[in-house]
Amino acid sequence: MMRKSIIIALAAFATMTAKAQTLPVYLDESRPIEERIDDALQRMTLDEKIAVIHAQSKFSSPGVRRLGLPDFWTDDGPHGVRPDVLWDEWVQAGHTNDSCVAFPALTCLAATWNPQMSRIYGESLAEEALYRDKDMILGPGVNINRTPLGGRNFEYMGEDPYLASRMVVPYIQGMQSKGIAACVKHYALNNDETYRHQVNVIVDDRALHEIYLPAFRAAVTEGHAWGIMGAYNLYKNQHNCHNAILLNQILKRDWQYDGVVVSDWGGCHDTDEAIQNGLDMEFGTWTDGLTMGATNAYDNYHLALAYKRLIEEGKYTERELNDKVRRVLRLFFRTTMNRNRGYGFLCSEAHYEAARRIADEGIVLLQNNNGLLPLRLDGTKKVLVVGENAIKMMTVGGGSSSLKVQHEILPLDALQAVCAQAHATCDYARGYVGDTVQSYNNVTVGRSIAESRSAEVLRAEAVEKAKAADYVIIFGGLNKSNHQDCEGFDREQYGLPYGQDELVEALAAVNKHVVFVNISGNAVAMPWKDKVGAIVQGWFIGSESGHALCDVLTGRANPSGKLPFTWWQTLNDVPAHRLGTFPGTWRAAHDIIDETYAESIFVGYRGVDRYKVRPTFAFGHGLSYTTFEIGKVTADKKTMTSGETITFTIPVRNTGSVAGAEVVQLYVRDVKSSLPRPEKELKGFQKVYLQPGESQEVSITIDKSALSYYDDGKGQWVAEPGQFEALIGNSSDHLTSKVKFELK
């Protein structure tokens with residue numbers, strides 16, 4: 001042991017001596033990063049500079065081999081590390097060590113209303129990425145849920161810019177603390193999937209700055225994200241992967257962003273715009289790899305030989321190029337050249353525990369009539385599980401977030417195990433057939449769920465079994481097939497697919513103890529809501545889905561999730577549909593769809609108040625197996641100036657019989673404004689855990705920014721002096737306390 005210690009010490013001393021004598025500045029980690037960037041940049045040739053700003057394979061870009069800078073590897077998230085594909089094809093590489101833990105989709109993470117869960121999420125995902133030798137995870141996503149038909153809403157954090165902002169920052173910080181770059185996406189206004197390459201968004205500046213940009217701004221100015229991914233869509237007739245206003249003006253000038261802008265795969269369309277308008281790294285252009293008839297199709301990218309020729313011809317100097325390369329080098333020194341990065345863990349017990357804990361906190365109990373839940377299981381109870389989503393794997397499919405998991409616990413398997421432990425019986429009936437495919441992109445997993453019986457036969461079987469059951473638990477909702485919750489496709493209807501409404505109605509007619517577990521990343525129409533006893537929003541929650549759903553159904557976990565979006569009754573209640581602006585109008589001559597965001601800032605619950613509609617479930621809604629009392633709120637002052645803060649103290653007490661968590665929500669109302677403002681806006685929240693009978697005081701502090709709106713005439717944020725109200729409660733439609741104050 002002593003000999004080994006001496007050898008280590010001598011080796012360390014020799015390394016230090018060598019560094020002091022011969023180490024170039026760019027390799028000396030004791031030097032500031034900006035000095036290292038300057039040194040590396042002046043050593044690079046034009047060809048090396050061009051090489052590092054575009055891809056060399058599906059998911060990698062080259063380093064600088066001559067200087068010892070490694071290749072840079074990205075991979076899809078944001079819910080787990082995607083399985084490896086071949087160098088130039090969208091075909092699985094066939095590795096046996098690229099399985100992963102699937103974490104809950106980001107809608108579930110947002111539903112926890114707990115920034116601590118975001119930090120754990122980011123750290124855990126980064127550790128899996130480290131083990132897989134990845135340098136950047138393509139996530140998280142923070143686009144706003146504008147319509148429940150959005151096919152990719154499940155990858156985002158809901159409808160409210162403040163909630164998304166508070167949840168995205170710790171995710172980024174947790175991930176980057178491990179030396180893995182976050183790449184926040186899709187910047188910006190990316191709210192359509194079916195025509196995502198062609199939608200030209202027409203939106204007023206107030207909505208842009210108040211609704212669609214705040215989460216990205218927080219990711220940059222607070223989370224200090226090292227990567228931002230441009231979006232496929234257009235804004236002001238310019239694609240967002242090279243958009244002068246979004247990238248040069250807002251992101252890099254106004255927010256002082258020092259990271260890289262990465263194109264979405266295939267999102268770059270024009271060489272001059274890519275050079276001039278803020279794109280730093282080009283990926284996925286002509287994503288058919290090496291079938292372009294060239295020796296190396298990657299050399300044909302806009303930021304490759306085409307760019308080099310324009311420099312050699314004198315149209316451009318290396319000024320723009322050097323800025324891009326500086327940003328890429330900064331990314332290298334933060335990731336691949338960071339010698340202090342760990343080695344990571346893959347599929348560890350801690351990661352499964354994190355996935356389950358996040359899911360437990362994010363599952364939302366929407367309805368619980370007569371205390372039907374939690375299930376009371378014993379040797380006399382008969383449980384009937386119904387529905388395809390009880391046996392269908394949801395970690396596979398849905399687009400780029402599809403994963404190859406080490407395991408996924410299915411709801412039926414988990415419930416049967418729990419029932420067996422309680423000596424209760426657990427039967428199953430299919431009830432309906434949706435999509436029996438259990439594979440995506442050459443990843444094939446799970447049992448066969450093929451079914452040849454007709455819908456009528458399946459429904460009749462379920463109804464007959466339901467007559468004798470003590471509990472009927474339906475696992476329905478959406479899946480990750482095309483036109484469900486899926487990249488590249490928006491939903492075509494708000495109602496449930498596959499005849500599920502008829503199934504629920506039939507089961508509710510013969511059994512009063514029906515629980516509907518909705519598996520989705522979006523709201524759905526529920527015309528039968530008042531006919532079932534309990535409704536649970538189960539999201540897409542990854543590897544531990546069955547365990548987590550059983551935790552909540554049986555009371556092992558007391559549900560504490562809150563909706564991160566409004567659950568509309570009908571599609572016509574949604575402002576974007578009410579005003580007839582989705583999915584836009586074709587401009588045939590240019591093959592472009594102009595989509596006007598006519599609802600402006602009145603998205604989600606802001607639109608509920610504006611148009612006086614009644615949602616099925618409100619933003620921020622979520623029940624518990626215990627009860628809470630929010631007491632009289634006090635403020636530390638009655639007036640504040642623009643440089644001050646105001647703190648609200650909110651007493652909360654668990655008045656029930658079991659431990660649980662409540663989310664205290666604070667909304668601000670501007671009593672009188674020179675411009676139209678929402679009736680209220682979320683500006684603070686805190687999750688508090690309490691034992692039965694326990695009380696705690698929650699403090700929420702706001703400053704002038706919570707009172708401000710974006711004045712599009714002045715082009716700046718404004719907080720007008722006057723009267724304001726703080727509205728406090730546990731959902732946007734249940735605000736039980738009000739405190740008036742004044743901004744001087």
Side-chain angles (χ1 to χ4, degrees), residues 141-144 146-147 150 152 156 161 184-217 219-220 228-257 261-264 266-280 282 285 302-303 320 323-324 490 575-576 579-603 675 709-717:
V142 291
N143 290 104
I144 294 298
R146 178 176 176 248
T147 161
R152 216 164 179 181
Y156 300 143
V184 185
K185 61 187 187 182
H186 301 88
Y187 182 71
L189 302 163
N190 186 228
N191 306 109
D192 298 75
E193 282 300 303
T194 300
Y195 300 107
R196 57 186 180 168
H197 293 275
Q198 297 152 289
V199 170
N200 177 52
V201 174
I202 301 171
V203 63
D204 62 84
D205 282 351
R206 281 198 68 194
L208 177 68
H209 287 272
E210 292 186 23
I211 303 296
Y212 297 101
L213 291 186
F216 288 105
R217 182 180 183 180
V220 170
I228 294 285
M229 181 185 289
Y232 283 133
N233 54 286
L234 300 89
Y235 169 63
K236 291 189 181 293
N237 299 302
Q238 204 167 60
H239 277 96
N240 287 3
C241 285
H242 33 76
N243 188 290
I245 295 174
L246 291 178
L247 299 181
N248 284 345
Q249 185 182 122
I250 296 175
L251 180 65
K252 293 185 174 180
R253 186 195 71 187
D254 297 348
W255 299 349
Q256 293 293 295
Y257 176 61
V261 173
V262 176
S263 73
D264 202 344
C268 185
H269 300 270
D270 183 274
T271 301
D272 286 303
E273 287 188 3
I275 294 169
Q276 298 175 34
N277 293 347
L279 180 62
D280 300 312
E282 180 183 3
T285 306
H302 295 286
L303 292 183
E320 295 89 355
D323 179 70
K324 299 178 193 299
D490 292 314
L579 301 176
T581 64
F582 180 87
T585 306
W586 277 101
R587 232 195 302 161
H590 299 87
D591 198 29
I592 292 294
I593 298 176
D594 288 318
E595 186 170 350
T596 301
Y597 286 22
E599 72 280 9
S600 184
I601 59 176
F602 297 101
V603 177
L675 292 180
Y709 62 84
Y710 189 82
D711 188 324
D712 48 1
K714 297 179 179 178
Q716 63 185 29
W717 288 90

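Since the structure is predicted, the reported quantities are computational estimates derived from the model, not experimental observations.
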* Given Arg587 and Asp594, is the salt bridge (Lys or Arg N to Asp or Glu O under 4.0 Å) satisfied, shown in steps? -> CA-CA 7 Å; Arg587 232 195 302 161; Asp594 288 318; 2.8 Å; yes

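- By the salt bridge (charged side-chain N to carboxylate O under 4.0 Å, His left out) test, Glu193 is found to be paired with Arg196, residues two or more places apart in sequence or in another chain being considered.
- Distance alone, capped at 3.5 Å, is enough to place a donor-acceptor pair between the Asp711 side chain and the Lys714 backbone.
- In plain terms, the two heavy atoms of Gly230 and Asp264 that are nearest each other are O-CB, 3.4 Å.
- When every heavy atom of Pro214 is checked against every heavy atom of Leu208, the shortest pair comes out as CD-O, 4.4 Å.
- Applying the side chain to side chain contact (heavy atoms under 4.5 Å, CB included) rule to Ile275 yields the partners Thr271, Leu303, Tyr307, Leu310, Tyr316, Glu320; only residues at least two apart in sequence or on another chain are considered.
- A heavy-atom distance below 4.5 Å is not found between the side chains of Asn233 and Glu595.
- Not one N or O on the side chain of Lys185 forms a donor-acceptor pair closer than 3.5 Å with the backbone of Ile228.
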* In sequence, state the C-alpha distance, the side-chain angles, and the governing distance for His302 and Thr285, and then conclude on side chain to side chain contact (heavy atoms under 4.5 Å, CB included). => CA-CA 8 Å; His302 295 286; Thr285 306; 4.1 Å; yes

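- Considering all non-hydrogen atoms of both residues, Thr581 and Glu599 come closest at OG1-OE1, 4.0 Å.
- Contact annotation: the side chain of Phe582 approaches that of Asp192 to within less than 4.5 Å [non-hydrogen atoms, C-beta and beyond].
- No side-chain heavy atom of Tyr597 sits less than 4.5 Å from a side-chain heavy atom of Ile202.
- Nearest heavy-atom pair across Asn200 and Asn237 is OD1-N, 2.8 Å.
- Remark: the backbone N or O of Ile144 is paired with a side-chain donor or acceptor of Asn191 at under 3.5 angstrom.
- Here the shortest heavy-atom pairing between Ala231 and Asn190 reads CB-CB, 3.9 Å.
- Taking each heavy atom of Leu213 and Tyr187 in turn, the nearest pair found is CD2-CE1, 3.8 Å.
- Counting only N and O atoms by type, the side chains of Asn243 and Asn277 include no donor and acceptor under 3.5 Å apart.
- When each of Ile245, Leu246, Val220 is paired with Leu251, the side chain to side chain contact (heavy atoms under 4.5 Å, CB included) condition holds for Val220 and for no other.
- Side-chain contact, Tyr156 with His186: a donor N or O sits under 3.5 Å from an acceptor N or O.
- For Gln249 and Asp254, the side-chain atoms include no donor-acceptor pair closer than 3.5 Å.
- A side-chain donor-acceptor contact under 3.5 Å links Ser600 and Asp204.
- Summarising the geometry, atom CG belonging to Asn248 is positioned 9.5 Å from atom CZ belonging to Arg253; distances are rounded to the nearest 0.5 Å.
- Atom CD1 of Ile593 and atom NE2 of His197 lie 12.0 Å apart (nearest 0.5 Å).
- There is no side-chain donor-acceptor pair under 3.5 Å between Asn143 and Tyr212.
- Between His209 and Tyr710, the angle of the ring planes stays under 30°, which puts this pair in the parallel group of the 30/60° scheme.
- Taking the six-membered ring where tryptophan is involved, the planes of His269 and His239 are essentially parallel, since the angle between them stays under 30° and well short of 60°.
- Judged by distance alone, with hydrogens and angles left aside, the side-chain atoms of Gln238 form a donor-acceptor pair with the main-chain N or O of Ala244 at under 3.5 Å.
- Here Glu282 pairs with nothing under the salt bridge (charged side-chain N to carboxylate O under 4.0 Å, His left out) rule; sequence neighbours left out.
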* Asked: Hey, mind stepping through Lys252 and Asp280 against salt bridge (Lys or Arg N to Asp or Glu O under 4.0 Å) and telling me if it holds?
  -> CA-CA 12 Å; Lys252 293 185 174 180; Asp280 300 312; 3.0 Å; yes

